[in-house]
Amino acid sequence: MDKTYDPKAIEKKWYHSWEKQGLFAPSGEGKPYTIMIPPPNVTGTLHMGHAFQDTIMDILTRYHRMMGDNTLWQPGTDHAGIATQMVVERNLKAKGETQTRHEMGREKFVEKIWEWKEESGGQITQQLRRMGASLDWENERFTMDDGMSAAVQKIFIKLYNDGLIYRGKRLVNWDPVLKTAVSDIEVENIEEQGFMYHVRYPFVEGEVDGKTHMHIATTRPETILADGALAVHPDDSRYDAVIGKEVWVPMTDRKIPVIRDEYVDPEFGTGCVKITPAHDFNDYQVGQRHEMEIINLFTPDAIMNENAPQAYQGMDRFAARDKIVEDLKVAELLERIEPHTLKRPYGDRTGTVIEPYLTDQWFVKAEPLAKPAVEAVTSGKVRFIPSHHEKTYFEWMNNIQDWCISRQLWWGHRIPAWFDAEGNFYVGESEHAVREQNNLGDIELTQDEDVLDTWFSSALWPFSTLGWPEESERLKAFYPTSVLVTGFDIIFFWVARMVMFGIYAMGEVPFKDVYMHGLVRDNEGQKMSKSKGNVLDPIDIIDGISLEDLVSKRTSNMMQPKLAAKIEKATRRQFPEGINAHGTDALRFTFCSLATMGRDVVFDMGRAEGYRNFCNKIWNAVRYVTQNVEGKDCGLTGEVTLSVADRWIISELQKAEQAVHEAIESYRFDFAAQTIYEFIWNEYCDWYLELTKAVLYGDSDELAMRGTRRTLVKVLEAALRLLHPIMPYVTEECWQTIAPLAGVSGESISTSAYPLPEVDKRDEAAEADIVWFKAVLLAIRRIRSEMNIAPSKPLPILLTEGSADDRSRVEAYQTMMIKLGKLESFDFATQDVPESAVALAGDLKINIPMKGLIDKDAELERLQREIDKRGKEQGILSGKLGNEKYVSNAPAELVARDQARLATLDDEITALQAQLTKIQAL
RNA sequence: AGUCGCGUAGCUCAGUUGGUUAGAGCACCACAUUGACAUUGUGGGGGUCGGUGGUUCGAAUCCACUCGCGACUACCA
């Protein structure tokens, strides 16, 4: 074995081998355990969020697989309609394609997307493999596969027949760049500085109630041209005289009435508002109530259309705004413009301003589906972890809006509806089917051009991947799934809709637990984004990357090239040496240790480095064990004697195993990581390995040597299995060496059994002995360090004032103490001891004769520090115990414990004080 | 405006139903080093737990108010 751990050398080898051996397929035995991967965009690449999420899912998957469950982690990718279509359009352009999408035509363009999917589609799944993700690749799915498409069609038809899908002309969120409708949740409302325009609407009658005009304010003056009315609140007496009167719509020759409507807030502004039914969601409602004419001003790409006055036609919406403001000024209808903070709706894909737009679309009637979905969570059938996310879920579900599912795109599942020449439509599996079902003869039919929202097919993921609508064995075995691991940011997009559709289609919830993790942020707590130039690629943390490569990666293909210099500077400052290779295991362990409840993950490279060192620690522990055990009798059969250290580490292992089980079962991945880290490094390596040297390099008898070798190798073997779900590679590589030495056989650690704690291996006596032993050694080391005595220099030592227990322990463990404490001689003295440096370990007084070793001042100072420290604690405790209410109210054992502690402190202080006096007198 | 989350060491984070002297990793300081490991070892310094008030024998933990940060939802004419 090499002296240092090199992740590169082992990772690829093992993943390939696991996959080839088919170790990731469900075993077919045990109780089912299922996780569905949230399907990443098929043409995407792995980012830190994926890496984090996939690490958690893989830990759960590997854990359950090793626990003997029939474990499935279902892989797959999403067609991601809008995102993919945009990427391909951009790509074609970059490749020198002169034809636009529309010139090319639907069929050819979709063909290009499939080509692109084939070309780049493997990247993210390869990256998942790099992460060590143990997905059942044999059954990989894609949301546009035939089977998946059949499921989409089936459920669409079912929903339609049940009256839960309808088609209608509604005001929807319209993206004028993509020229498609999007759903409410695809719109981001961003606060920005804008203006409020105060406009006058002259009365048709010239003067009413002593006024010549109505005064309203708007942030969107260009929509004035489509106004249907002015409105005031019904109870607003200020406007009694003007109700029913007409005003001129500025810049037009249209007249509109002043009406009353509850919607108006009389407190706000002038208490009078313009109503523009075609261009505002609220106004649309008002317009419906008052049967207003709906005037749409825009073409699908938000250019002023023929409904606008001639002068504005053909203008972009923003240019039109500028023009109308100018025109209002000239006409003296603009009272003033004031700065105003407003929220503007942006499309989350295109970043363009979304328009409310009146079109024909398909909708899912959400309320009937939401009811049982809410019930599933209130009843506990679906559990959110952490639970506070339930609130967000309920909030949305209880105010749910109908879901606009049609998109005017080409990449996606085509809507299974056909139109005749009169505009009647028929929903069914195919053109042939709808003809038959509706007795249409041979009239001309054309299929709806629209495709479905990507999230429509995603909502079916938990069962469509398992073969639904076929009643497959997989479906029976693995639905409902065990846990959904996902980010809180897609509760609405995905989680809620899966629950609704799962219950609707399957009659059962799609998952029992929903583990919601936070966002992965950069070291400053910023969201990672290309435009900020702070993106980390998980693969770069695994393999390492030079500074120059990192800089060019971060500054290439920028939307705003201006930022490149700034990004370069920040990158050079943060990573002056580039990024070192850490390996997959270290990255996974970092995520695991940061996976705490309900909190974003601020990625800390320092931690990743620490955990790479941890890998190296394990690696070298394996080397040590191998060197001392290979070719020797490890007592796997026959008689052995176990030393106190052997019994202690075995006992500690049981505790660690118990803690790890509890941690993983309760999704406390950070606890699991910490427990294993501490066990391996702080107990097994720091103490146990050192203790075995006293046995193995000493003159112990053969039974003891065999016992120690056996323990050394067995405990390590179990610890590797314990760690495997978090660090699959290094544990596999090491296990292949260690398992045979421990008498354990098997192809791979990943299909070996997860260690279970055994109560009868707990040994509290051994634990107590080692606690004592550590206290003594720590005391000795501390004196050494504080007195500046070279650690290598062997010391004589005298022990005094110990109890009978101390004496027998000193007797029993002195070989080990001499070794680890670098002690020269060792006596339990009863007679007067010479002037010494003194440390206390319980009752035991450790005296290191100081003549010629240490200086008086340093020792006095040290003793005083020890006394002060105890004095402080003594003060607190005696105060507490002097409080009668504490003594009478607190649990008795707490008081007893404090009293005992106080007594010890008193004794210790007396002893130290005496020592101090003694030294002073020298 | 409403809801939720967060604020603990220089940094990144733990801290289970209130109960020893509030912990870890990284960073820092000192010392060490032929023997599993410098991707190391040993020892050390560093925190009025955002603030104020309250409940309690006892508060990082519970309550109220408050400051700061973040997210989400709705509205903003």
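Below, chains carry the letters A, B, ... as their sequence lines are ordered, and counting in each starts from 1.
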**Asked** Which sits closer to the 5' end of RNA chain B, A:V602 or A:F268, going by the nucleotide each is nearest to?
**Response**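 Here A:V602 is the residue nearer the 5' end.
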**Message:** If the test is side chain to side chain contact (heavy atoms under 4.5 Å, CB included), which one of A:T731, A:L720, A:V629 qualifies with A:I738?
**Reply:**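 Testing A:I738 for a side chain to side chain contact (heavy atoms under 4.5 Å, CB included) against A:T731, A:L720, A:V629 leaves exactly one candidate, A:L720.
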Given the [atom1] atoms of [N] and [M], what is the spacing between them in whole Å?
{"N": "B:U8", "M": "B:A14", "atom1": "P", "value": "10 Å"}
{"N": "B:G43", "M": "B:U20", "atom1": "C1'", "value": "24 Å"}
{"N": "B:G47", "M": "B:C11", "atom1": "C1'", "value": "14 Å"}
{"N": "B:A9", "M": "B:G54", "atom1": "P", "value": "25 Å"}
{"N": "B:C62", "M": "B:C49", "atom1": "C1'", "value": "16 Å"}

Quickly work out the [X] [atom1] to [N] [atom2] distance and round it to whole Å.
{"X": "A:Y677", "N": "B:C13", "atom1": "OH", "atom2": "P", "answer": "17 Å"}
{"X": "A:K343", "N": "B:A74", "atom1": "NZ", "atom2": "P", "answer": "9 Å"}
{"X": "A:H389", "N": "B:C6", "atom1": "NE2", "atom2": "P", "answer": "10 Å"}
{"X": "A:K885", "N": "B:A59", "atom1": "NZ", "atom2": "P", "answer": "13 Å"}
{"X": "A:D686", "N": "B:G25", "atom1": "CG", "atom2": "P", "answer": "10 Å"}
{"X": "A:N523", "N": "B:C13", "atom1": "CG", "atom2": "P", "answer": "10 Å"}
{"X": "A:D600", "N": "B:G70", "atom1": "CG", "atom2": "P", "answer": "12 Å"}

**Item:** Residues in contact with RNA chain B, drawn from residues 611-627 of chain A - heavy-atom cutoff 4.0 Å
**Value:**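 Within residues 611-627 of chain A, the residues near RNA chain B are A:R612, A:N613, A:N616, A:K617, A:N620, A:A621, A:R623, A:Y624, A:Q627.
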**Request:** Tell me which residues in residues 689-697 of chain A put a heavy atom below 4.0 Å from RNA chain B, sorted by number, or none.
**Result:**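 Correct list: A:L689, A:E690, A:K693, A:Y697.
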**Which nucleotide in B:G70, B:U12, B:C4 has an atom nearest any side-chain atom of A:L594** =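 Looking only at heavy atoms from C-beta outward on A:L594, the closest nucleotide is B:U12.
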**Request:** Consider the side chain of A:R521, meaning its heavy atoms from C-beta on, and name the nucleotide among B:A36, B:G70, B:C75 that approaches it most closely.
**Result:**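 Selected nucleotide (nearest to the side chain): B:G70.
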Watson-Crick/G-U partner (both atom distances under 3.5 Å) of [N]:
{"N": "B:G5", "value": "B:C69"}
{"N": "B:A64", "value": "B:U52"}
{"N": "B:G10", "value": "B:C26"}

**Prompt:** Is A:R784 near enough to B:C31 that one of its side-chain N or O atoms lies under 4.0 angstrom from OP1 or OP2?
**Reply:**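 So the side-chain polar atoms of A:R784 never come under 4.0 Å of the phosphate oxygens OP1 or OP2 of B:C31.
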**Asked** Can you check whether A:R865 has a side-chain N or O nearer than 4.0 Å to OP1 or OP2 of B:G44?
**Response**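 For B:G44, neither OP1 nor OP2 has a side-chain N or O of A:R865 closer than 4.0 Å.
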**Complete:** Whether each nucleotide of nucleotides 16-23 of chain B has a protein heavy atom under 4.0 Å at its base (B), only at its sugar-phosphate (S) or at neither (-) is summarised, 5' to 3', as B--BSB--
**Item:** A:R260 versus A:P234, closest heavy-atom pair with distance
**Value:**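 Taking every non-hydrogen atom into account, NH1-O, 2.9 Å.
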**Message:** Restricting to non-hydrogen atoms, name the atom on A:M48 and the atom on A:L536 that form the minimum distance, rounded to 0.1 Å.
**Reply:**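 Minimum heavy-atom separation between A:M48 and A:L536: CG-O, 3.2 Å.
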